[in-house]
Each structure stands twice: as C-alpha cells, then as structure tokens.
Amino acid sequence: MGQNRRDFIKKSTCALGMAALATQVDHFGLMSALAQKVDDRQETSSSAGGNYKALVCVFFSGGNDGNNMVIPNHNDASISNYSVYSAARSTQGLALAQNTLLPIAVPRIGNLSYGLHPSLGPVTGGNNGIHELWAQNKLAIVSNVGTLVAPMTRAQYQNNSVPKPFQLFSHSDQVSQFQGGRSDASSFTGWGGRSSDRMTQSNNPGALIPMITSISGAQLFTAGQTTLPLAIANAGTPLNQVLNPTGFSSSAASVARLNAFNQLRTQDLGNDYIAAASHITDQAMQANAALSTFQEVTVSFPTTTIGRQFQQVARLIKKRNDLNVNRQIFYCQIGGFDTHNNQLVSQASLLSQFSQAARAFYDEMVVQGVSNDVTTFTMTDFNRTMNPAGSGGAVGSDHAWGNHTFVIGGSVLGGDMYGMNTASGTPYPNLTLNGPDDADNGTNARGRWIPTTSVEQYAATLANWYGLPANDLPLVFPNIANFSTTNLGFMQP
Amino acid sequence: MISRKTRLFSHILGAVILSLLTFIPAFAQDDPNPNSPTPIVISEPDSLRVLTAASSVKSGKRAGLTQTVFREGSYVTIFVTNLSLLENEGVNAFRILVEDQQQRLYRFPVVKLEQLKGQEWIYALTFEVRDNLGFWQGPLEIGDAYLRLTWRGLVSNPVKIALGRSGGNLKEIAGAQPTPMKMFADKPGDDSSTTSNYVGYTYSGDRIRFLEQATFGPTAALDHRLRRIGLRVWLAEQFDMPYPSVENPYPDLPLRSNDTNNATLGCGMFASGSTERRICLRDYYSQYLVQSWFFKEAFYGDAQLRHRVAWALGQLWVVSGVDTQQASHVVAYHQILSRHAFGNYRDLMKDVTLNPAMGNYLDMARSTRTNPNENFAREILQLFSVGLFMMNQDGTLQLDQNNNPIPTYNQTTVNNFTKVFTGWSFCNTGTNPLCPSAVAGTVNYKDPLLLNQANHDVTAKTLLSYPNAVNPTIAANLNGNTEIDLALDNIFYHPNVGPFVSRNLIQHLVTSDPTPAYVGRIAAVFNNNGLGVRGDLKAVVKAILLDPEARGDVKTDPHYGKLREPVLFTTNFLRHFNVGSANLTMQSDGVVSTLPNAMGQNPFYSPTVFNYYTPDYVIPGTGLNGPEFGLMTTGTAIARANVANTMTFSRLNTSADAPAGTSINLAEMTALVQSDPTGNQLLDVLNTRMLHGTMSQSMRNTILTSIAAVSAATPQARAQQAIYLIVTSSQYQVQR
C-alpha cells in the first residue's frame with residue numbers, strides 16, 4: 001500500500017500535523033536507515049551489493065530537430081534517401097552536406113547507411129563523441145517516437161477517428177506528455193516518479209536518498225505520488241556542498257540555531273504551502289547528511305552545463321554503496337533546442353555538448369565497472385518541421401512531432417535502429433512533405449511526422465530493463481494497453 | 001476571533017501615529033473592516049458529526065447508503081452559518097476540504113447554496129462526494145473523515161463525515177467542539193455599530209498583508225502611512241505616482257552594434273582584457289544595469305505598486321536576457337510594461353507585439369510571407385491571452401459531454417495567426433519618421449517594428465471563433481497594419497482573456513490557488529471596469545487588492561497563500577531591515593541579483609518564454625497549484641537558507657561591480673534586544689512586521705530558546721539568531 005503512506009500532505013488541521021517529522025523521515029525508510037548507518041554499516045551496504053541499475057534521462061529542452069540529427073545517407077529510391085532530405089531543406093539552407101555526415105550502418109534497414117549530425121563525432125581537445133559507440137553496439141536509435149494516445153495512421157489523424165494527444169506542437173503540453181507518460185490528460189506525476197513509487201520499497205529499502213535525483217531542478221518526469229526527487233546543483237558544486245546550509249559551526253549558539261532551524265519545520269503545517277516548503281527543506285537536510293563525503297570521478301568531463309550534470313550523476317553513482325541504493329533514476333537537461341532561427345550554429349553546439357558529455361559519462365561508467373548497469377536515454381519536446389522556418393544564415397524550423405532518440409549503455413543492443421515501422425516498412429519516416437507520414441496536409445504541408453512509436457512504448461522498454469514489474473506497467477503507463485508491443489527490443493533482456 | 005495582535009510594539013506605534021492623525025485627507029475613502037466572518041459548519045447536537053439533510057441521488061451514481069453515510073457520487077447537504085455574502089457570491093466561493101484517516105486530502109465541489117426560509121442567516125450547502133483536487137483517483141470509503149469548509153481564505157470548524165461507512169480510526173482533534181443548530185437559532189446581532197470617527201486603518205495584520213501583495217515588501221514607514229491614509233487613498237496615490245523615481249531613472253543606454261567587437265559601436269575600441277572593455281560589455285551587453293536599476297527601485301522607489309505590477313506582467317509577457325543581449329533592448333521592453341501596468345490590456349498587447357525585443361525573442365521580426373514562423377502566433381494565444389482551453393468566466397475549464405476540456409484553438413488557427421504576423425521587421429532607417437531612435441550600424445530595438453507589406457501574407461485568415469466573435473475572419477488583400485489591429489481585437493475580446501489575465505495576476509500578487517469566485521469577480525472587472533471599458537488594468541489591480549479574499553488580518557485556509565519567489569523573498573527580507581550600502585552610510589547599489597539567482601531566479605534572464613515557473617505548476621506529492629514551487633527544490637531550499645545566512649550575518653561587500661555593496665541594518669533590532677534581552681520584545685516586532693501576527697506559540701518558543709543560547713553580551717547576535725530563523729522558516733517564506 002505504498003501510495004497510502006503519503007505523508008507529504010499534512011492536511012488541513014493543525015492537530016493532525018504534528019506527526020510530521022517522523023512520517024517524513026519514514027518516507028524513504030530513512031529513520032531506520034540512518035540508525036543503522038551508525039552501528040551496522042556493513043549489513044546495510046551488503047544489502048545494496050550486486051544488483052545495481054540506473055537510468056539517466058537527458059532531456060533536450062525546446063524540441064530538438066531530429067531531422068538534422070539522424071539523416072538518410074543512402075540513395076535507395078524505394079524509401080526516403082538523402083535526395084529527399086536535401087530537397088526539403090537545401091533551398092533555405094538547412095540541409096547538412098552529405099559529406100559531413102557521420103555514417104552509421106543500420107541492420108534493421110538492410111544495412112543501409114544513415115548519417116549522424118557531424119557534431120556527434122570526435123572533438124579536438126575532447127573525446128571521440130557518441131558516434132563511435134554505434135560501431136561498438138553501445139548506441140541505439142529509436143525512430144519516430146512521439147506522443148500518442150493510441151496508434152494512428154495519417155487517415156485516422158485527418159478524419160479524427162483516433163484521439164489525438166492534446167495540444168500537439170505546444171512546448172509545455174508536449175513536454176508534460178513526454179515526461180508524464182500519457183497524452184490523453186494532464187499529469188501531476190511523471191513516469192520516472194511513478195516507477196520510483198512502485199519500486200522504492202522493494203528495491204531501495206534503507207536508501208539514504210530518494211530513488212530519483214534531478215540535476216536540473218523540479219521536473220514533472222521526476223515527480224511521483226510518494227516519490228519526491230532530490231534536486232541538486234551540477235558538478236560545479238562539490239557533492240558535499242550541494243545541500244549544505246552555510247554558516248553553522250560547533251558553537252553553542254550555532255548548534256542551538258541549527259536545532260531551531262530544524263524544529264521550525266515540524267510546526268505550523270496546517271497550511272499546505274508551508275508543509276510543502278518544509279518537507280522539501282527537510283528532505284534536503286537529510287540528504288545533506290548522506291552526502292558529506294564523496295570521491296571524484298576518474299574521467300575528465302567537459303565543463304559545459306550538461307557535462308557538469310553528467311559528472312554529478314557519475315559522482316553519485318560512484319557513491320551508490322554508501323547511499324545504499326540499488327536503483328536510481330537521474331534527470332539531466334540541456335536547453336536551447338527551440339531553434340526557430342539560427343539553427344545550424346545552435347544545434348551543432350548543443351549536440352556537440354551532449355555528445356561530449358554523454359561519452360565522458362559512458363567512459364566513466366566503464367571505469368567504475370557499471371557500464372552494463374547504467375543506461376542513458378534522450379527525450380525532447382517534439383521534432384521540428386522538415387520545412388525550414390526562414391532562410392539563409394538565420395534559418396530555423398518550427399514545432400513538429402515524431403522524433404528520434406538515443407539510448408546509450410552496455411546493456412543496449414546498440415548499432416541498430418528501433419521502433420514500430422512506418423508506412424515505408426522501416427522505423428524511419430518518409431521525409432516527403434504532405435507524404436504518408438506527414439500530419440500536415442496540402443501544398444503548405446511542412447513535414448510533421450506522425451509518430452509510429454509512442455512515448456509509452458519507448459519508456460516501457462526502458463522501465464522493463466530497469467526492473468519495473470510487468471503488472472505495474474499499466475499503473476505507470478495508463479494507456480499502455482493501447483499499444484500491442486510494449487518492448488521495442490533495444491535493451492538486453 | 002483571532003487576537004494575536006501587536007503587543008508592546010503597537011503601543012509605541014500607536015503613540016507615533018496618533019500624533020500624525022491630526023490631518024485626515026479630505027479625499028479619504030472609507031476602508032471597511034477587511035475581516036470576513038469565519039464560516040461555521042453545523043454539527044449534530046452532541047457530536048462532531050456533520051448535520052446533513054436527506055441526500056439526493058443523481059441518476060447513474062451510487063446511492064448514499066443512509067442519510068449519514070456517503071459514497072462517491074452522493075450529494076450531501078450540510079448547514080453553514082456565520083457568512084456575509086456579496087451579491088452574486090455563490091457556490092464557487094466555497095470549497096469542501098476532506099481529509100481521511102490516511103491523510104489523503106480531497107476537495108469536493110459545492111453545487112448549491114440556499115438560505116433557510118425564516119432563518120436567512122443559515123445556509124443549506126450541497127456538495128458532491130467527488131474529488132476535484134485530482135491527486136487521488138477518488139475518495140477512499142474507509143470511514144469517518146474530517147470535513148471543513150473554506151471561504152475567502154478562512155477555514156471553518158472541523159466536522160466528521162462518514163465515507164462508505166462510519167467509524168474507523170480517525171484521530172481526535174484537540175479542542176474541537178460540536179456546533180449544533182440550537183446555537184444558531186436566533187438571528188445574530190448587528191455588529192456594524194460604530195465607525196463614525198476615522199481613526200486610521202487599524203487592521204495591522206491586513207496592512208502588512210496588503211503591503212506584501214502590493215509592494216516589494218513592507219517597511220515601517222509604509223505601514224505608518226497606510227495606517228494613516230488607508231488602502232484606497234494609498235492606491236489612488238500609487239496610480240498617479242511618477243515612475244521610476246526621480247533619483248533612479250531608467251538606464252539611458254544607446255543602441256549598440258550586435259557585434260560586441262565593433263570598433264565604434266561595440267566594445268572593440270577597448271583593448272581585449274582591459275577594464276574598460278569589461279565594463280563596456282557589462283553595461284551594454286548584459287542586464288547588469290537593468291538588474292541594479294530594478295533592485296534600487298524595489299528597495300527605495302515610491303511607485304511600488306507600478307513596479308510590482310510591471311514585474312508581474314514581465315513574467316506573463318516574457319522576454320529574456322538569454323536571447324536579448326543588450327540592456328537597452330530590455331529597458332525599452334520594460335518601459336512598455338510599466339507604461340501599461342495601469343493602462344489597458346489591449347494597448348499592452350499591441351505595444352508588446354510590435355516591440356523589437358519580443359519580435360526577436362519569438363521570431364516575429366523574421367517571419368515573412370514566404371518563410372513564416374509560428375513562434376509568436378502560438379505563444380500570444382497560449383501564454384499571453386486566451387490559454388489552451390475554453391474557460392468559464394470564473395477561470396474553471398469548460399467541459400464537453402465527455403468531461404474533456406475544449407481546446408481554444410488548433411494548429412490551423414496558429415497557422416492563420418502566423419500569416420497575420422508576417423512582414424514585420426526592425427525599423428533601421430533613420431530618415432523614417434517612425435524610427436526616430438534608429439542609429440546607423442545598429443538594430444533599432446527602441447522603436448516599434450515596421451511593416452514591409454511586400455513580405456506580408458495577404459491571403460484571407462480565419463481567427464479565433466467564439467460566441468459573438470470579433471473579427472473571426474480577415475479578408476484577403478488587407479494591409480498588415482490593419483490586420484494587426486483586427487487580429488489583436490479578435491484575441492482581446494475572446495471571453496477567456498478576462499479570467500486568464502485575472503487569475504495570473506492574482507497568483508502573482510495574492511494567492512496561488514484563488515477560488516473561482518475571486519477569479520470571477522476580477523474577470524468581471526476586466527470585462528467591464530464599471531464604465532463600459534474592457535481591459536482596464538488599473539481597475540483590475542485595484543479589485544484584486546481590495547477583494548475580500550485578499551483582505552483580512554489572518555487567513556486560515558490550508559490552501560491560501562503563495563511561496564515567495566526568490567526576487568520577492570530577497571526584497572521583502574532586505575526591506576524589513578532598512579537595506580543600505582555595505583557600510584550603511586548610503587543606499588544599496590542594487591547589485592544583488594546573485595541572491596535570487598542562487599535561488600533559481602536570475603531577474604531578466606528567464607530560461608524560456610514559459611517564465612521561471614508556470615502558472616499551473618502542481619507541487620509534487622500534492623494536487624495543489626503552487627507556481628513558485630517550480631523553483632523550490634532540495635537544492636534551492638538550501639540556497640534560500642544560505643542567502644538568509646549571507647545577509648543576516650554578513651553582507652554583499654563592495655567590489656568592482658558593486659560600488660556601494662548591500663547590507664541590512666540591525667540597529668533597530670539590536671536596540672530591542674538591549675531593551676529586552678529575552679528577545680520577547682524583538683519577536684513582537686518581527687512577528688508583526690514579518691508574519692503579520694501569525695507566529696504560533698510553538699514557533700515563538702523555539703526561537704526564544706535559540707536566542708537564549710546566544711550570549712546576552714552580544715545583543716546583535718541575538719537579533720541575528722532570530723532574524724535568520726524567521727527568514728529561513730517556511731512560515732515566512734510562504735506569503736499568506
């Protein structure tokens with residue numbers, strides 16, 4: 001009855017609010033865990049041994065233009081090839097030159113060549129990027145993923161015979177559907193948070209921090225009914241300082257102040273906003289105690305924001321036994337993908353930052369010996385229009401729909417493309433404007449691909465690998481029954 | 001009923017004020033008692049169980065088991081008294097909060113309210129047993145639960161209601177008493193007896209609350225003035241107050257080249273790495289001067305309300321220094337916000353639409369007939385005016401027959417508005433009389449965008465559709481200038497705009513989750529200011545601040561209030577203590593944005609057009625709407641404490657970019673500790689000024705104990721101990 005134990009809301013009455021601290025501490029089993037930590041450290045850490053798994057979500061905020069991230073690099077006339085791509089984008093100057101693409105062979109599509117954005121390769125002074133991981137079978141692409149209520153053909157889209165996700169092409173709504181894991185209603189919780197709700201008690205008994213950590217603030221993905229995520233700064237701040245209140249010492253006055261600071265959070269909880277603020281601060285103080293020491297990572301990470309986020313994740317993973325966690329979910333975010341203009345320069349920079357950071361992280365996981373236990377995956381608001389917005393140096397693109405995602409890790413069945421087939425017989429969409437995969441219609445159609453693979457199918461495949469019990473799947477993904485395939489096969493069983 | 005008013009402090013204050021009261025402004029408008037009565041739910045004669053009338057049953061729903069046990073779908077009629085309703089104040093002013101034995105909280109919708117015949121002071125109130133807070137799937141039917149009624153930010157006595165069955169393991173509430181009908185058998189006496197002599201606005205709790213809502217933080221001087229002249233006269237003064245302050249004009253910055261290295265119009269005339277170049281980049285190519293100007297105005301400006309409303313509007317109509325590099329561009333944008341803060345929303349819409357910073361931020365300045373860009377068209381609808389779903393006039397969503405919300409528009413609508421907004425670009429030709437600010441070699445971000453009709457899409461357009469829609473279509477071959485006005489009118493007259501704007505401004509000024517009745521009252525003012533004018537923001541702001549849901553000495557509704565956003569947390573904190581320069585010999589330089597930035601809000605650098613947080617943000621682990629909680633995480637919670645630490649025990653020292661530095665002044669608080677080393681006197685003052693008298697006895701005891709651990713020989717340290725604890729407390733960080 002995990003969801004019945006929600007202690008967070010200390011409801012309306014003053015008198016009912018007083019059990020707060022005890023129940024809040026109990027929230028993550030912290031009370032018992034903290035007690036054990038002093039006397040019985042070996043026993044608690046032994047319970048964490050061996051069976052570690054982590055998911056790292058990287059959100060490309062703003063809507064990454066997947067059409068310039070994964071590009072046909074072949075001339076096969078039976079499906080969309082480079083010429084189709086180029087025809088749609090070169091006039092306004094948004095097409096990437098074919099000879100700059102980083103080739104990948106795709107077994108799923110007859111070993112034809114596709115190309116990754118040139119920023120995903122080696123960088124002078126950096127590392128070799130994620131392109132290299134394709135050939136090592138550690139990088140997979142899931143193609144034409146997007147928000148869906150149920151599978152939908154173009155005809156069904158046009159005649160409204162299947163419910164559509166609400167507010168397609170709107171940032172806030174599409175983000176919340178991608179992170180919320182349902183597209184037919186708004187969500188108060190995310191699929192990461194709900195997975196944690198189902199799994200915390202069974203997998204992380206005695207954990208010293210919540211199952212979920214965001215290195216990028218409050219995010220719907222990380223919120224559950226009983227799960228409240230940790231949210232901490234990136235590696236620019238040492239782990240032992242991210243949640244450390246400054247100004248306290250061992251003087252009697254300071255000790256008394258700290259005591260009072262803690263005690264005040266157990267009072268006046270009749271107002272729910274006060275209770276919420278106190279609870280979040282409480283959680284920070286508890287985690288702070290658990291993060292008082294840490295070891296630096298081995299691999300050199302980029303000093304970009306996303307690099308520092310990944311580095312902070314790596315520090316936490318390195319500390320996993322101390323924190324007594326068997327399962328962890330992390331959230332990182334890189335912003336700036338809403339490239340209505342100046343896309344060529346902006347997107348190249350952002351994808352390079354991601355590639356460099358994700359590769360450093362993968363390499364660090366290898367060093368830590370957990371590369372098979374940690375899977376990184378990407379999400380974004382939506383794809384962008386195949387038809388560019390503007391032209392010339394300022395060229396960009398507008399909001400669209402189905403998109404391509406990356407999955408990286410030792411347990412990924414990499415080196416291939418995944419997802420449900422489009423009308424082309426491949427997971428990769430037909431790039432023709434007003435073509436069979438375009439949600440737009442008529443001569444002004446701009447190329448917004450109707451997804452063939454839902455967010456739920458993509459997420460459920462990851463959650464299954466992570467260990468979410470099959471019978472919990474409909475609780476985490478309420479519409480999963482609308483999709484016959486719930487495992488896309490890109491993770492090792 | 002609540003009498004935790006000022007103690008010693010009020011006596012001192014009273015003496016000062018009496019001496020000021022000899023002059024009563026001739027134009028004084030009467031301020032009524034701000035306190036609404038506290039609603040009382042009537043119980044059975046000898047128990048806490050709620051008194052109910054026979055329950056009716058809606059067809060298709062499960063029936064109530066008996067008259068005293070209820071199930072999901074049941075309609076329950078209870079009895080409520082001690083209300084004082086406005087004309088038209090009805091069911092949407094009330095909420096039923098129910099907390100079950102597992103501390104799950106539900107909100108049940110109130111559907112009917114009727115006065116009892118012959119006992120008009122008692123109301124029969126009917127609600128449906130159906131949660132519409134939405135966090136839980138539905139109410140558990142596990143026995144007795146506590147029910148309370150909330151109205152105007154006040155919560156009633158608790159009563160018990162049986163869900164599914166009676167009994168179970170419900171904790172007792174200490175002190176809860178039955179409220180049987182016989183207690184209310186007689187008509188209550190009229191207590192509106194004496195208000196003949198104007199003795200000032202004596203409601204000290206409400207004065208502080210009002211200042212928290214209408215300014216960047218209460219000060220002793222403002223509180224004195226408010227007591228003397230009252231809320232309405234103060235508002236009238238504010239509406240006419242010059243802005244910005246004479247001593248703190250907007251930074252007067254020239255347009256610069258977009259190329260920072262430009263040798264004449266950039267910073268290229270200064271050697272790379274030189275101090276001059278650093279300062280040039282700081283002043284022209286960052287928001288440094290805008291931020292420091294903003295905080296000086298917040299700390300010391302007289303036109304507090306205009307500054308506050310402009311800050312709120314800037315979080316609705318967002319542009320950001322992330323994309324808008326030059327400070328001069330942001331100044332030009334902020335001038336529009338402040339100019340229209342008490343003007344008309346339609347004028348604001350027009351001026352922002354044609355402002356170059358917005359044109360750049362949301363790409364309208366690049367959108368042409370042949371290469372249209374949807375960005376501005378989409379966001380003006382979604383974020384700035386009508387929102388995604390059709391609303392009732394009280395801000396609640398309209399639902400279709402399947403209980404689904406009804407979209408306000410679709411992608412086709414966005415495409416059509418996109419066409420309307422094509423053809424506009426920067427006005428860079430100095431000889432054009434419309435572009436007096438143009439400077440050769442720079443992009444003109446000071447004058448409005450200019451239409452190039454050749455780039456404008458002149459095909460016919462279909463715009464927003466709604467009952468009696470204004471300009472639902474635009475004919476082909478019109479001039480783009482004409483179309484802008486037709487299209488903005490089409491948006492402006494959409495019925496969603498009133499509730500949309502009203503709710504947003506209420507959230508910024510007063511409370512995160514206002515009742516629909518409150519939103520509806522303000523939307524009605526937006527729709528018609530009383531003189532037939534729609535969109536009068538002055539009338540809207542005044543109505544928001546004078547509404548009975550905003551006013552009152554104390555609010556007890558568990559869902560009332562809002563988390564102070566980092567900027568307001570910073571200014572409220574510092575203004576309480578006479579903020580000055582680092583050495584306290586002059587005013588602060590306003591270079592304090594590092595403080596809110598550490599807490600997640602770097603002013604004038606919103607991360608996206610969605611602002612720092614979204615108006616519909618729901619606090620994780622609750623169903624509760626709390627926008628500012630979008631910035632409240634474990635990390636920023638500690639950052640808040642650390643900002644309090646820095647400014648309580650230290651200061652922002654002078655530096656190359658901070659000529660004066662910033663510090664609070666502890667002299668007054670230290671003197672209070674010298675006069676009373678226990679800290680009681682200090683806490684009286686801090687309670688009044690910072691918590692408007694709501695400090696609980698437990699909180700007081702906790703802080704007194706902590707003060708006692710500090711040496712009595714260091715009274716300033718005792719004051720600091722108390723200030724740190726109050727500023728860091730959730731009790732203070734939530735404005736309520």
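Side-chain contact between Met699(B) and Asp268(A) is present, with at least one heavy-atom pair separated by less than 4.5 Å. Ser729(B) places a side-chain heavy atom less than 4.5 Å from the side chain of Leu264(A). Counting heavy atoms from C-beta on, the side chains of Asp272(A) and Leu105(B) come closer than 4.5 Å. In this structure, the side chains of Pro245(A) and Asn642(B) come closer than 4.5 Å at one or more pairs of heavy atoms. Under the 4.5 Å side-chain criterion, counting only non-hydrogen atoms from C-beta, Val609(B) is not in contact with His171(A).
Heavy-atom distances place the side chain of Leu624(B), and not its backbone, under 4.5 Å from chain A. Ala233(A) does not touch chain B: none of its heavy atoms, backbone or side chain, sits under 4.5 Å away. Residue contact with chain A, scored on non-hydrogen atoms closer than 4.5 Å, is absent for Arg640(B). Using a 4.5 Å cut-off between heavy atoms, Glu379(B) touches chain A through its side chain atoms alone. Only the backbone of Leu168(A) comes within contact range of chain B, with heavy atoms under 4.5 Å apart. Using a 4.5 Å cut-off between heavy atoms, Thr368(B) does not touch chain A at all. Of the atoms belonging to Phe389(B), it is side-chain heavy atoms, and not backbone ones, that fall under 4.5 Å from chain A. Looking at Tyr724(B), only its side chain comes within 4.5 Å of chain A, counting heavy atoms on both sides. Both the backbone and the side chain of Val710(B) come within contact range of chain A, each with at least one heavy atom under 4.5 Å from a heavy atom of that chain. The contact between Asp557(B) and chain A is made entirely by backbone atoms, counting heavy-atom distances below 4.5 Å. For chain A, the nearby part of Asn645(B) is the side chain; its heavy atoms alone come within less than 4.5 Å.
Among Thr614(B), Asn371(B), Ile703(B), Leu563(B), the residue with the largest count of heavy-atom pairs under 4.5 Å with chain A is Asn371(B). Annotation: maximal heavy-atom pairing with chain A below 4.5 Å, among Gly635(B), Ser730(B), Ser711(B), occurs at Ser730(B). Contact count against chain A (heavy-atom pairs under 4.5 Å) is highest for Leu725(B) among Asn410(B), Thr648(B), Leu725(B), Thr636(B). Among Thr222(A), Asp173(A), Thr189(A), the residue with the largest count of heavy-atom pairs under 4.5 Å with chain B is Asp173(A). Per-residue counts of heavy-atom pairs under 4.5 Å with chain B were compared for Asn244(A), Asn259(A), Asp338(A); the largest is that of Asn244(A). When each of Lys562(B), Arg718(B), Gln411(B) is scored by its heavy-atom pairs under 4.5 Å with chain A, the top score falls to Gln411(B). When each of Lys555(B), Gln733(B), Met632(B), Glu628(B) is checked for heavy-atom pairs under 4.5 Å with chain A, Met632(B) comes out on top. Between chain A and the residues Val618(B), Val322(B), Asn373(B), the most heavy-atom pairs under 4.5 angstrom are made by Asn373(B). Of the listed residues (Asn444(A), Asn341(A), Asn387(A), Thr281(A)), the one with the most heavy-atom contacts under 4.5 Å to chain B is Asn341(A).
Donor-acceptor pairing under 3.5 Å is recorded for the side chains of Ser170(A) and Gln382(B). In the model, Gln267(A) has no side-chain atom that pairs as donor or acceptor with a side-chain atom of Ser696(B) under 3.5 Å.
Judged by distance alone, with hydrogens and angles left aside, the side-chain atoms of Arg378(B) form a donor-acceptor pair with the main-chain N or O of Phe169(A) at under 3.5 Å. Side chain of Thr634(B) to main chain of Leu230(A): no donor-acceptor pair is present (N/O by atom type, distance under 3.5 Å, no hydrogens or angles).
In this structure, the separation between CD1 on Ile638(B) and CE on Met285(A) is 5.5 Å, given to the nearest 0.5 Å. In this structure, CD in Gln731(B) is found 9.5 Å from CG in Asn271(A), a value given to the nearest 0.5 Å. Put simply, CD on Gln225(A) and CZ on Phe135(B) are 4.5 Å apart, with the number rounded to the nearest 0.5 Å. Between Thr418(B) atom OG1 and Asp398(A) atom CG the span is 7.5 Å, to the nearest 0.5 Å. The distance from the CD atom of Gln263(A) to the OG atom of Ser698(B) is 8.5 Å, given to the nearest 0.5 Å. Note: Thr728(B) OG1 to Arg257(A) CZ = 8.5 Å, rounded to the nearest 0.5 Å.
Summarising the geometry of Ala637(B) relative to Ile280(A), their closest heavy-atom pair is CB-CG2, 4.2 Å, with the distance given to 0.1 Å. In terms of heavy atoms, Tyr273(A) sits closest to Ser512(B) at OH-CB, 3.4 Å. In plain terms, the two heavy atoms of Ala256(A) and Ser706(B) that are nearest each other are O-OG, 3.4 Å. Residues Gly270(A) and Pro558(B) share a closest heavy-atom pair of O-CB, 3.2 Å. Considering every non-hydrogen atom in both Ile619(B) and Ala276(A), the closest pair reads CG2-CB, 3.9 Å. The two residues Gln721(B) and Ala253(A) have their closest heavy-atom pair at NE2-O, 3.0 Å.
Annotation: Phe188(A) is not in aromatic contact with Tyr617(B) [ring centroid separation under 6.0 Å not met].
Salt-bridge formation is detected for the pair Arg448(A)/Glu374(B): a Lys NZ or Arg NE/NH1/NH2 atom is positioned less than 4.0 Å from an Asp or Glu carboxylate oxygen.
Within 6.0 Å of CG in Asn701(B) there are more than 12 heavy atoms belonging to other residues, nucleotides or ligands.
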